[in-house]
S.K.: 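Dumping the structure here so I can ask a few things about it.
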Amino acid sequence: QVPVVESGGGLVQPGGSLKLSCKLPSKSALDYYDIGWFRQAPGKEREGVACINSNDGSVYYADSLKGRRVTISKNSAANTVNLEMDSLKPDDTAVYYCATSQICLSHNFLRTENFNSWGRGTQVTVSS
């Protein structure tokens, strides 16, 4: 198990921006593990958002987010993997989780069973 901690959630207005961070415990962990972001809205299944490969930096996004402005990136100095999303809508409201993996190889791998160590999540509420 690898402790990961999400931060940055809160209340945002429709059309606003989401900026979340997933902090890993060390540089070695950041270099070793792929990191994914997931979200779970009330009454719905947990769904993948994006993941980043630790080896080559490749990033992958869920098909459900096509047409959306979303970015996953790594900040090596801070030992974090960040998620940014613009033009938020009320249905973006969810608990957002980050998790470690070893197989972030395409958007098809954005499945919960491919991710191992999960954070506790951070709530994002999009409402006016």
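Positions are given from 1 along the sequence. Computed from a predicted structure; not experimentally measured.
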S.K.: If I compare all heavy atoms of Q1 with all of S117, which pair ends up nearest, and what's the gap?
M.R.: CA-OG, 3.3 Å
S.K.: Please collect all salt bridge (Lys or Arg N to Asp or Glu O under 4.0 Å) contacts where either partner lies in residues 6-31, sequence neighbours excluded, each pair once.
M.R.: K27-D31
S.K.: Do I52 and L65 sit in one hydrophobic cluster, given that two such residues count as connected whenever their side-chain heavy atoms are within less than 4.5 Å of each other, even indirectly?
M.R.: yes
S.K.: Heavy atoms only: give me the nearest I72-I35 pair and the separation to one decimal.
M.R.: CD1-O, 3.9 Å
S.K.: Yes or no on side-chain contact (heavy atoms from CB on, under 4.5 Å) for D34 and C51, after CA distance, side-chain angles and deciding distance?
M.R.: CA-CA 7 Å; D34 303 339; C51 66; 5.9 Å; no
S.K.: What distance separates L88 CG from L18 CG, expressed to the nearest 0.5 Å?
M.R.: 5.5 Å
S.K.: Hey, are the side chains of R68 and M85 touching, using non-hydrogen atoms and a 4.5 Å cut-off?
M.R.: yes
S.K.: A94 and A41: which non-hydrogen atoms are nearest, and at how many Å?
M.R.: CB-N, 3.7 Å
S.K.: Once rounded to the nearest 0.5 Å, what's the spacing between atom CD of E47 and atom CZ of R39?
M.R.: 4.5 Å
S.K.: Please determine whether side-chain hydrogen bond (donor to acceptor under 3.5 Å, both in side chains) holds for the pair T71 and S73, giving the CA-CA distance in whole Å, both sets of side-chain angles, and the decisive distance to 0.1 Å.
M.R.: CA-CA 6 Å; T71 303; S73 61; over 6 Å; no
S.K.: Please answer: with hydrophobic residues joined when any side-chain heavy atoms are less than 4.5 Å apart, are L24 and V59 in the same cluster?
M.R.: yes
S.K.: Which atoms form the tightest heavy-atom contact between P14 and S127, and what is the distance?
M.R.: CD-C, 3.6 Å
S.K.: Provide the closest heavy-atom pair for P25 versus P3 in the form atom of the first, atom of the second, distance.
M.R.: CD-O, 3.1 Å
S.K.: Does the side chain of Q123 come under 3.5 Å of the side chain of Y96 through a donor N or O and an acceptor N or O?
M.R.: no
S.K.: From L30 CG over to S28 OG, what is the distance, rounded to the nearest 0.5 angstrom?
M.R.: 9.0 Å
S.K.: Applying ring pair (Phe, Tyr, Trp, His ring centres under 6.0 Å) as the test, list every pair that has at least one member in residues 104-128; sequence neighbours left out.
M.R.: F38-F115, F38-W118
S.K.: According to a hydrophobic-cluster definition based on side-chain heavy atoms being under 4.5 Å apart (Ile, Leu, Val, Met, Phe, Trp, Tyr only), do Y32 and V2 belong together?
M.R.: yes
S.K.: Could you give all pairs that pass the salt bridge (Lys or Arg N to Asp or Glu O under 4.0 Å) test and reach residues 73-90, with sequence neighbours left out?
M.R.: none
S.K.: S21 pairs by side chain to side chain donor-acceptor pair (under 3.5 Å) with which of N82, T122, N79?
M.R.: N82
S.K.: Please say whether the positively charged group of R120, taken as NZ for Lys or CZ for Arg, lies over the ring of Y97, i.e. under 6.0 angstrom from the six-membered ring centre and within 45 degrees of the axis.
M.R.: no
S.K.: Kindly compute the distance separating CD1 (I103) from CG (L110), expressed to the nearest 0.5 Å.
M.R.: 10.5 Å
S.K.: Is there a donor-acceptor contact under 3.5 Å from the side chain of T93 to the main chain of T125?
M.R.: no
S.K.: Does the Y61 side chain pair with the main chain of V49, one donor and one acceptor, at a distance under 3.5 Å?
M.R.: no
S.K.: For N75 and T80, which I'm curious about, is there any donor-acceptor pair between the side chains at under 3.5 Å?
M.R.: no
S.K.: Nearest 0.5 Å please: distance from the CZ atom of R69 over to the OG atom of S87.
M.R.: 10.0 Å
S.K.: Quick check: do Y60 and C104 have side-chain heavy atoms less than 4.5 Å from each other?
M.R.: yes
S.K.: Where is the tightest heavy-atom contact between C22 and V4, given as atom of each residue plus distance?
M.R.: SG-CB, 3.9 Å
